[in-house]
Amino acid sequence: MNDATALVRASYEAYVRKDREALEALIDEDFHFSSPLDNRIDRATYFARCWPNSEGISGFQFIHLVQQGHTVFVTYEGTRQGGGRFRNTEVVTTREGRIVEVEVYFGWSLPHPAPAGGFTNL
């Protein structure tokens, strides 16, 4: 898959379908994953630690999906099984039709706990 945006969309779709085999086919052997909780973990650790979270996700709605070269910038609203939503941004790097790196930047829960124009001290 040479279109990086299509590749990234397919990875989110596999995650929602709980189709690990499809996701494994999209992720490079030299894959690394970073988030506020994970510091550049490898592919095996990602599947052991992060893949089980797919069970709690029922969907993603893309807010921004912007490709720049081999990098796709994604902002989405995720929906949890049983309700609840959240917004995150991810930077996905591709190489030769495979995902080689994902950086996740946690956003916030939806609805936002602070009133519009306001803030919270959580």
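Residue indices begin at 1 and follow the sequence shown.
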Peer 1: Identify the heavy atoms of L65 and V8 that sit nearest to each other, and give their distance.
Peer 2: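 For L65 and V8, the tightest heavy-atom pair comes out as CD1-CG1, 4.3 Å.
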
Peer 1: Test your reading of the model: is there a side-chain donor-acceptor pair from Q67 to the backbone of G69, 3.5 Å cut-off?
Peer 2: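 Present.
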
Peer 1: Test of understanding: clusters of I, L, V, M, F, W, Y form through side-chain heavy atoms closer than 4.5 Å, transitively. Do V91 and V72 belong to the same one?
Peer 2: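 Looking at the clustering, V72 is in a separate group from V91.
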
Peer 1: Should L37 and F47 be counted in the same cluster of Ile, Leu, Val, Met, Phe, Trp and Tyr side chains packed under 4.5 Å apart?
Peer 2: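 Same cluster.
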
Peer 1: Quick check: closest heavy atoms across S11 and L23, and the distance to 0.1 Å?
Peer 2: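 Result for this residue pair: CB-CD1, 3.7 Å.
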
Peer 1: F106, W51: one ILVMFWY side-chain cluster at the under-4.5 Å cut-off?
Peer 2: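 Both belong to a single hydrophobic cluster.
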
Peer 1: Between S109 (side chain only) and H112 (backbone N and O only), is there a donor and an acceptor less than 3.5 Å apart?
Peer 2: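 No, the answer is negative, given that no donor and acceptor are paired below the 3.5 Å cut-off.
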
Peer 1: Got V74 and F62 here, is their nearest side-chain heavy-atom distance under 4.5 Å?
Peer 2: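 Side-chain contact under 4.5 Å: yes.
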
Peer 1: Give a yes or no answer on whether the side chain of R85 reaches the backbone of E77 with a donor-acceptor pair at less than 3.5 Å.
Peer 2: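 No: the side chain of R85 does not pair with the backbone of E77.
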
Peer 1: Please find the pair of heavy atoms, one from F33 and one from C50, that lie closest to each other, and give the distance.
Peer 2: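 Distance-wise, the nearest heavy atoms are CE2-SG, 3.8 Å.
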
Peer 1: Where do A22 and R17 come nearest, in terms of heavy atoms and distance?
Peer 2: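 For A22 and R17, the tightest heavy-atom pair comes out as CB-NH2, 3.8 Å.
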
Peer 1: Test of understanding: clusters of I, L, V, M, F, W, Y form through side-chain heavy atoms closer than 4.5 Å, transitively. Do V92 and Y46 belong to the same one?
Peer 2: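 V92 clusters together with Y46.
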
Peer 1: Would you say the side chains of Y105 and N88 form a donor-acceptor pair under 3.5 Å?
Peer 2: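 Checked: Y105/N88 side chains show no N/O donor-acceptor pair below 3.5 Å.
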
Peer 1: Donor-acceptor check, side chain of H32 to backbone of D30, threshold 3.5 angstrom: yes or no?
Peer 2: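 Yes.
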
Peer 1: Starting from the C-alpha separation in whole Å, work towards a yes-or-no answer on side-chain contact (heavy atoms from CB on, under 4.5 Å) for R43 and E29.
Peer 2: CA-CA 7 Å; R43 176 187 163 109; E29 291 300 320; 3.7 Å; yes

Peer 1: Judged by modelled atom types alone, do S58 and T79 share a side-chain donor-acceptor pair under 3.5 Å?
Peer 2: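 Distance-only check fails for S58 and T79.
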
Peer 1: Does R9 pair with E13 as a salt bridge, N-O distance under 4.0 Å?
Peer 2: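 Not counted as a salt bridge, because no side-chain N and carboxylate O are separated by less than 4.0 Å.
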
Peer 1: Please check: side-chain N/O of R98 versus main-chain N/O of A25, any donor-acceptor pairing under 3.5 Å?
Peer 2: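 Between the backbone of A25 and the side chain of R98 there is a qualifying donor-acceptor contact (under 3.5 Å).
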
Peer 1: So, K18 side chain and I57 main chain: donor-acceptor pair closer than 3.5 Å or not?
Peer 2: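 Such a contact is found between K18 side chain and I57 backbone.
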
Peer 1: For the backbone of T75 and the side chain of T89, can you confirm whether one donor and one acceptor N or O come within less than 3.5 Å of each other?
Peer 2: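 Pair absent, no side-chain N/O of T89 close to backbone of T75.
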
Peer 1: Atom OG1 in T45, atom CG in N39: separation rounded to 0.5 Å?
Peer 2: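 The CG atom of N39 is 12.0 Å from OG1 of T45, to the nearest 0.5 Å.
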
Peer 1: Contact between V16 and F60 at the side-chain level, heavy atoms closer than 4.5 Å - yes or no?
Peer 2: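 They are in side-chain contact.
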
Peer 1: Between the side chains of R40 and E101, is the shortest nitrogen-to-carboxylate-oxygen separation below 4.0 Å, so that they form an ion pair?
Peer 2: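 Yes, E101 and R40 are salt-bridged.
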
Peer 1: Applying side-chain contact (heavy atoms from CB on, under 4.5 Å) between F31 and each of T93, I99, V100, report the one that passes.
Peer 2: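 So, applying the side-chain contact (heavy atoms from CB on, under 4.5 Å) to F31 and each of T93, I99, V100, only I99 qualifies.
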
